[in-house]
Amino acid sequence: MEETSREAVATAVQRVAGMLQRSDQLDKVEQYRRREARKKASVEARLKAAIQSQLDGVRTGLTQLHSALLDVKDIQGSLADVSKDWRQSINTIENLKDVKDAVVQHSQLASAVENLKNIFSVPQIVSGTKLLIEQAELLQAHRKLMELECSRDDLMYEQYRMDSKNTSDMNLISIYFEDVQELSDELAKQLWMVLQRSMGTVRRDPTMLVSVVRIIEREEKIDRRMVDRKKQTGFIPPGRPKRWKDKMFEVLEGTVSTRIEGTQSVTREADKMWLVRLLEITRKYVLDDLIIVKNLMVQCFPQHYDTFNRFFSLYHNAVSTRVKELASEDLEANEIVPLLTWVLNTYKSAEMMGHPELFSECDINQLEPLLPQDVVNDLLSKYVKTFTSNITGWLRKALETDKKDWQKETEPEADQDGYYQTTLPAIVFQMFEQNLQVAAQIDGDFKEQVLKLCLKQMNTFLIRYREEAVTYKEEHLRERQLPQCYVQYMVAIINNCQTFKESINSLKRKYSQSSEPTDSDAAIEKTLNEVAKEGCQFLLDEVFLDLEHHLNELLTRKWVTGSHAVDTICVTVEDYFNDFNKIKKPFNQEMTSEALRRVVVEYIKAVMQKRITFKNADERREGAERMIKEAEQFKFLFRKLAAGEDTDRLCGAIAAIAEVFKLTDPTLLFLEVTTLVSKYPDIREEHIQALLAVRGDASREMRQMIIGTLSENKVSYSGLTQPIFKDITVPTNTMTTMTSMATAKLLK
């Protein structure tokens, strides 16, 4: 208490100090005092009121406790009086057994009197009820049936209570009411018939369906009541429980199953598209029926039936059973795809179970798969096996057709850019595209699997394609006049390789989720490049077969006296390249460069073969000038053909050799040869020996000096540029001369 007082004083001091911080506030001391006095009075008044309220509550509670105590004492006294009276009346109750038996007998007689009218009118009621059933007045018929059953059940119950072992009287009652059970069965048939036609009934006459459900609900209540009475008394009427509700769901399930099974209108023999038609009809039936259930049938059943979800499950199970039956049949490959596409994609899409009108009522993600995964895998494996066999046959037929085109006397077709091509790439990739589109309908993983399979088959096909191209070339070489359009179709084969590359890349971009190259990609790329390069080589071989005679004239006496061999070579090459211009990039560029290299190499080979030895300086000069002129001809031609930046270097090799021949001062020959070697470091000693032999004026000592000096100061070949002299061999006669010179040098 003292501590509270001290805290109050400290708080008051703090408040006063806060009020009197300035001198002008001293004038308001009286005003502050009155204000604080008012606050104090207000607080005291509220405190008194609160205390008074608490006291009133305590007083009321004490009064109620006192009243409760008095009531408990009164109840205790009353219970004591009741207990006393009960003990005194035990003997009296035992003396009333006869009265109890009389009451039971009276009850039985009263029940008999009550049902007497119905008992005598049973035949008339049965007839009337049958008529009502025939007239589809089901509610009234059921009401009559319940009256009859109630009379029968009450009589049998009373008989059971009197003497449960007296079976003769029970049988007598059963025989008398035997038509009642027949009525019940007849009414049940009518109910099941209505339920079997529920989809049509709910649209035409929904009240009929409602009546059926009401009757079944009534019977369910009677079943429950009779079962409960059996637990108490041991008696249950014949035919109970009827379990019509369970039977109703069985009928509905059978109706749904029959509906799904009845969708097949045609067979495989009558229509190749039978399965597609079957699946589409099934989709339409299921969707239409579920929409009817949602919009109409749900209103005809009690809410606790969960009608829509029940029908949703029934249709799902029925479809699953039907699909499993289809999957177990011996399906063809073109039937497996639509089935799996329908099962894996269409079924849960917005076109069927995921339709917007159904989406709000169910969760399609909770549905079990229509087909087990192992069945799906088996179907996919079967499809892949069949597809592999089919595509192998398709590719073989496509290649055979293309080979027949190679023998035609007309040129192959050209694309919009003028490049020769055949129909083979379009046919092959149309097959691939169609199958990949089909696979994509199933799922992404299967699409990737089919794409890999296509590429694998493509690699095998290209190896066969390469072999056929080689055979085509060999057959042509045996008889060069046939086929007439050999060059054009070989150009088309080369272009097909580029088209194959572009088509493969297009397929991968469109159908593959991975951009990483695979081993199959590398193998295909390698095979295509080999086919294209071999095709280019075959065409160049064709060119040089025509040039062979003219190349043999180079660096001969005829050439010195005046030959048009180079003119003919240039015209022939240009003529061939009018067709070669229809080769796609990059093969056309590579082929032009290779043609230039081969022309230059063949020219230099003519030099190295020592077909001529110049007799004097004038002949060397004229020959050198002719070589320089012909090098310019080659340079002009291949620049025109866009052979590439290596044109000058290759043609320059001929000019550089010509400079060696043109030199008039033999003492400078070493410098000229050194210059040649520095420009073309792949040149070998035997090449120098051959050049000096063709020149004809180099002494043995000079040859030895040049060769020896070059050997000591050999220029290394970097390999950055394409070699010219590497593949040029020197004929044996020239080599023999070189060997003799080397032997003489050693002897000295």
Side-chain angles (χ1 to χ4, degrees), residues 549-570 599-635 650-680 683-711 724-725 728-745 748:
H549 172 71
H550 306 291
L551 291 170
N552 290 334
E553 287 186 9
L554 297 176
L555 274 293
T556 61
R557 280 293 160 193
K558 182 179 179 181
W559 175 78
V560 172
T561 57
S563 169
H564 298 288
V566 171
D567 295 334
T568 306
I569 289 171
C570 291
V599 167
V600 171
V601 168
E602 291 296 329
Y603 196 100
I604 296 175
K605 278 183 179 179
V607 176
M608 299 302 171
Q609 288 172 0
K610 197 184 173 185
R611 298 172 183 174
I612 184 175
T613 300
F614 294 119
K615 297 178 179 180
N616 51 51
D618 291 338
E619 197 172 78
R620 284 192 295 274
R621 178 180 53 78
E622 290 176 2
E625 289 176 352
R626 177 178 287 275
M627 289 176 67
I628 293 171
K629 177 184 176 183
E630 290 171 348
E632 289 298 321
Q633 282 183 265
F634 291 145
K635 187 184 297 184
L650 290 169
C651 295
I654 299 175
I657 293 172
E659 292 296 333
V660 174
F661 294 154
K662 188 177 180 182
L663 187 67
T664 56
D665 187 357
T667 59
L668 300 177
L669 190 57
F670 172 73
L671 295 176
E672 196 65 44
V673 171
T674 303
T675 302
L676 174 64
V677 173
S678 65
K679 289 182 179 179
Y680 302 96
I683 195 169
R684 301 189 298 275
E685 291 180 6
E686 57 265 31
H687 297 144
I688 303 298
Q689 291 280 12
L691 292 180
L692 296 177
V694 173
R695 181 177 168 85
D697 65 341
S699 64
R700 178 180 297 179
E701 291 76 9
M702 182 174 290
R703 294 177 186 176
Q704 293 173 357
M705 183 271 293
I706 292 173
I707 296 298
T709 306
L710 289 176
S711 299
I724 300 175
F725 294 89
I728 298 176
T729 58
V730 179
T732 307
N733 58 348
T734 306
M735 291 297 296
T736 303
T737 304
M738 291 168 52
T739 304
S740 300
M741 292 173 61
T743 304
K745 182 178 179 181
K748 285 186 177 183

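The figures here come from the full heavy-atom set of this structure, side chains too, leaving out hydrogens, waters and symmetry mates.
- In this structure, the salt bridge (Lys or Arg N to Asp or Glu O under 4.0 Å) partners of Lys605, at least two apart in sequence or on a different chain, are Glu602.
- Residues Thr613 and Ala693 come closest through the heavy atom pair CG2-O, 3.4 Å.
- Proximity of Ile688 to Val677: side-chain heavy atoms (C-beta onward) are separated by under 4.5 Å at one or more points.
- Closest of all the heavy-atom pairs between Ala631 and Cys651 is CB-O, 3.6 Å.
- Shown here are the salt bridge (Lys or Arg N to Asp or Glu O under 4.0 Å) partners of Glu553, two or more places apart in sequence or in another chain: Lys558.
- Remark: Arg611 pairs with no residue by the salt bridge (Lys or Arg N to Asp or Glu O under 4.0 Å) rule, at least two apart or across chains.
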(message) Go through it in stages, so that I can follow the logic: the residues are Val673 and Leu691, the test is side chain to side chain contact (heavy atoms under 4.5 Å, CB included), and I'd like the CA-CA distance, side-chain angles, deciding distance and then a yes or no.
(response) CA-CA 9 Å; Val673 171; Leu691 292 180; over 6 Å; no
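- To the nearest 0.5 Å, atoms NE2 (His564) and CD1 (Ile569) are separated by 13.0 Å.
- Partners of Lys615 by side-chain contact (heavy atoms from CB on, under 4.5 Å), not counting sequence neighbours, listed by chain and number: Arg557, Glu619.
- Listed by chain and number, the residues in a side-chain contact (heavy atoms from CB on, under 4.5 Å) with Thr674 are Phe670, Leu710 (sequence neighbours excluded).
- Looking at Ile657 and Met627, their side chains come closer than 4.5 Å, going by heavy atoms from C-beta outward.
- The closest donor-acceptor contact from the side chain of Arg620 to the backbone of Arg695 lies under 3.5 Å.
- The two residues Ala565 and Leu554 have their closest heavy-atom pair at CB-CD2, 4.2 Å.
- Considering only residues two or more places apart in sequence or on other chains, Glu622 meets the salt bridge (Lys or Arg N to Asp or Glu O under 4.0 Å) condition with none of them.
- Considering only residues two or more places apart in sequence or on other chains, Glu659 meets the side-chain hydrogen bond (donor to acceptor under 3.5 Å, both in side chains) condition with none of them.
- Note that the CZ atom of Arg626 and the CD1 atom of Ile654 stand 13.5 Å from one another [nearest 0.5 Å].
- Note that the CG atom of Asp567 and the CD atom of Glu630 stand 8.0 Å from one another [nearest 0.5 Å].
- Pairing each heavy atom of Leu650 with each of Val600, the nearest pair is O-CG1, 3.4 Å.
- For the pair Val730 and Ala690, the tightest heavy-atom approach, listed with the atom from each and the gap, is CG1-CB, 4.3 Å.
- In this structure, Leu669 and Leu692 have side chains that are in contact, with non-hydrogen atoms separated by less than 4.5 Å.
- Identified under the ring pair (Phe, Tyr, Trp, His ring centres under 6.0 Å) test for residues 603-629, with sequence neighbours left out: Tyr603-Phe634, Phe614-Phe661.
- The side-chain hydrogen bond (donor to acceptor under 3.5 Å, both in side chains) search around Arg684 returns Glu686, His687, not counting sequence neighbours.
- The existence of a salt bridge linking Lys629 and Glu625 is excluded, since no basic side-chain nitrogen approaches an acidic carboxylate oxygen closer than 4.0 Å.
- Rounding to the nearest 0.5 Å places CD1 of Ile728 at 6.0 Å from CE of Met608.
- Pairing each heavy atom of Thr556 with each of Ile612, the nearest pair is O-CD1, 4.0 Å.
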